[in-house]
Peer 1: 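The following block contains the structure, expressed as structure tokens.
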Amino acid sequence: MTPFYAQDFLILVVDDVSQNLQVLGEMLEQVGYETTFAVSGYQALERVKTAKPDLILLDLMMPEMNGLEVCEKLQVNPGLAEIPVIFLTASQEQAHLLLAFEKGAVDYVTKPFNAPELLARVRTHLELKYTRDKLKELLQEQEKLSKELERLATTDPLTGVWNRRHLFALAEQEINRAARYQKPFSILMIDIDKFKQINDNYGHSIGDEVLIIMAKVTLQCLRKADFFGRFGGEEFVAVLPETNMDEAAIAADRIRQDIAKIVIYSQQDNQINITVSIGIATYSSEDQTIDTIMQRADQALYLAKSQGRNRVITATYL
């Protein structure tokens, strides 16, 4: 466990009696705590917002705004609600303690103050808060790590779009949904034309840039509901839910046209133009697996390549 250092903690002491503030301040400062003070409930609320103390010693009975009201206002503020509050109470005020705990208090100390008891309670609740805060930090870090691992497992590291495995999983969900609700969906198989030539002529760094820009432009053409991923190499796949063949052809041609506008310059200032060929297939009730639809889209893509590239071909034309 991390060593406990009193000087690492700030304690707000709230009491309308100056003598009590002096006594408590001396007790706390003798063991090293940083302290700040307030003489009323209103002042306490302002001091909490500016000083952000680690713990509050709060007088239960004060004029204008008592400790219960202060505690109640702290609890409705998400940024302040987790600051532990220890009530300071006279013995005749014991009847209010149940209500104090209901309002969010973690403990109480009776007047006149017993220094060892007060310091022990203060340390206990500071250690609990420290442990709770560290646990929360750990859980947040684990959550971030989990999300990062999930991202690494599902996305292509170069382009940031879905990877092949996750894209297939999403496509499988879509074919099951289409079969259940009798909704169409289409698949676009997209391939960058003469990509090997780009790599050979200008190098792999330019090739990577082409892949990244092509993926970015394609994503801009798609809807939020669509799935898009890298199938392998220079080949990408888009899954378009609730999209028939004609609608898919319009979307595909928009992608083709926008990619054709891309211009990249090599290190030698050579102008590189990019085009893509796209094959389209649409789900049919006869399709049992996503592979059959992918195969049709791939056949359409092959035909687009053989007919001169930079074009869209639908599987219905085969």
Side-chain angles (χ1 to χ4, degrees), residues 1-140:
M1 182 176 175
T2 304
F4 183 91
Y5 298 110
Q7 60 267 29
D8 293 338
F9 300 97
L10 173 65
I11 298 174
L12 169 61
V13 184
V14 186
D15 200 307
D16 61 319
V17 178
S18 58
Q19 186 178 354
N20 289 339
L21 294 178
Q22 183 179 353
V23 170
L24 289 167
E26 289 175 356
M27 286 182 185
L28 296 167
E29 289 165 5
Q30 280 179 0
V31 294
Y33 291 112
E34 294 291 326
T35 55
T36 185
F37 303 94
V39 295
S40 70
Y42 292 107
Q43 190 180 66
L45 292 174
E46 291 302 316
R47 193 63 51 85
V48 169
K49 292 175 185 176
T50 55
K52 297 291 177 62
D54 297 293
L55 182 141
I56 302 171
L57 290 172
L58 179 60
D59 189 17
L60 182 61
M61 303 306 292
M62 294 182 293
E64 297 182 2
M65 180 185 290
N66 63 36
L68 296 174
E69 292 173 297
V70 173
C71 199
E72 192 172 43
K73 290 184 181 296
L74 291 174
Q75 289 301 306
V76 298
N77 187 323
L80 308 175
E82 294 188 6
I83 301 174
V85 175
I86 297 177
F87 271 108
L88 308 174
T89 175
S91 58
Q92 67 268 26
E93 297 164 354
Q94 297 288 312
H96 295 90
L97 288 178
L98 182 59
L99 187 56
F101 284 115
E102 290 176 359
K103 298 294 184 183
V106 297
D107 209 340
Y108 71 95
V109 177
T110 57
K111 303 174 185 178
F113 307 117
N114 177 280
E117 178 190 4
L118 182 139
L119 294 174
R121 290 177 186 270
V122 165
R123 175 165 177 161
T124 294
H125 291 292
L126 284 172
E127 288 179 334
L128 286 172
K129 181 180 183 296
Y130 178 83
T131 302
R132 186 172 64 247
D133 290 346
K134 287 299 178 184
L135 179 59
K136 184 182 291 186
E137 288 176 12
L138 179 61
L139 291 173
Q140 289 173 343

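Treat the numbers as computed from the prediction; the structure is a model and nothing was measured. The figures that follow rest on heavy atoms only: side chains count, while hydrogens, waters and symmetry mates do not.
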Peer 1: Keeping the roles fixed (side chain from Asn114, backbone from Glu117), state whether a donor-acceptor pair exists under 3.5 Å.
Peer 2: yes
Peer 1: Are Asp16 and Ser40 close enough that some pair of their side-chain heavy atoms sits under 4.5 Å apart?
Peer 2: no
Peer 1: Kindly compute the distance separating CZ (Phe37) from OG (Ser18), expressed to the nearest 0.5 Å.
Peer 2: 11.5 Å
Peer 1: Under the side-chain contact (heavy atoms from CB on, under 4.5 Å) criterion, do Met65 and Leu45 qualify, and how do the steps go?
Peer 2: CA-CA 10 Å; Met65 180 185 290; Leu45 292 174; 3.8 Å; yes
Peer 1: Let me confirm one number: the CG-CD1 distance from Leu60 to Ile86, rounded to the nearest 0.5 Å.
Peer 2: 13.5 Å
Peer 1: Does the side chain of Leu80 reach to within under 4.5 Å of the side chain of Lys52, using non-hydrogen atoms?
Peer 2: yes
Peer 1: Side chains of Lys111 and Asp15: closer than 4.5 Å at any heavy-atom pair?
Peer 2: yes
Peer 1: Is the shortest side-chain heavy-atom distance between Leu88 and Phe113 below 4.5 Å?
Peer 2: yes
Peer 1: Can you tell if the side chain of Leu55 reaches within under 4.5 Å of the side chain of Lys129, non-hydrogen atoms only?
Peer 2: no
Peer 1: For residues 7-14, run the donor-acceptor check on the side chains, cut-off 3.5 Å, and write out each pair with its distance to 0.1 Å, sequence neighbours left out.
Peer 2:
none

Peer 1: For the atom pair CG (Leu126) and CZ (Phe4), what is the distance rounded to the nearest 0.5 Å?
Peer 2: 5.0 Å
Peer 1: What's the shortest heavy-atom distance between Cys71 and Ala105, and which atoms?
Peer 2: SG-N, 3.9 Å
Peer 1: Within the structure provided, determine whether Asn66 and Asp59 are in side-chain contact (heavy-atom separation under 4.5 Å).
Peer 2: no
Peer 1: Can you list the steps and then say if Phe101 with Phe87 is a side-chain contact (heavy atoms from CB on, under 4.5 Å)?
Peer 2: CA-CA 9 Å; Phe101 284 115; Phe87 271 108; over 6 Å; no
Peer 1: Which heavy atom of Glu82 sits nearest a heavy atom of Arg132, and at what distance?
Peer 2: O-NH2, 3.3 Å
Peer 1: Drop me the distance from Leu138's CG to Asp133's CG, to the nearest 0.5 angstrom.
Peer 2: 12.5 Å
Peer 1: Could you grab the distance from atom CG of Asn20 to atom CD of Gln22, nearest 0.5 Å is fine?
Peer 2: 10.0 Å
Peer 1: As an exercise, state the distance from OH of Tyr33 to CG of Leu24, rounded to the nearest 0.5 Å.
Peer 2: 13.0 Å
Peer 1: Please lay out, stage by stage, how Asp107 and Val122 fare under the test side-chain contact (heavy atoms from CB on, under 4.5 Å).
Peer 2: CA-CA 9 Å; Asp107 209 340; Val122 165; over 6 Å; no
Peer 1: Between Lys73 and Glu69, does a salt bridge (Lys or Arg N to Asp or Glu O under 4.0 Å) hold up when you go through it step by step?
Peer 2: CA-CA 6 Å; Lys73 290 184 181 296; Glu69 292 173 297; over 6 Å; no
Peer 1: When you compare the side chain of Leu99 with that of Glu102, does any pair of heavy atoms fall below 4.5 Å?
Peer 2: yes
Peer 1: How far apart are the C-alpha atoms of Ile56 and Val48, what are their side-chain angles, what is the distance that settles it, and do they pass the side-chain contact (heavy atoms from CB on, under 4.5 Å) test?
Peer 2: CA-CA 9 Å; Ile56 302 171; Val48 169; 3.8 Å; yes
Peer 1: Is the closest side-chain heavy-atom distance between Thr50 and Arg47 below 4.5 Å?
Peer 2: yes
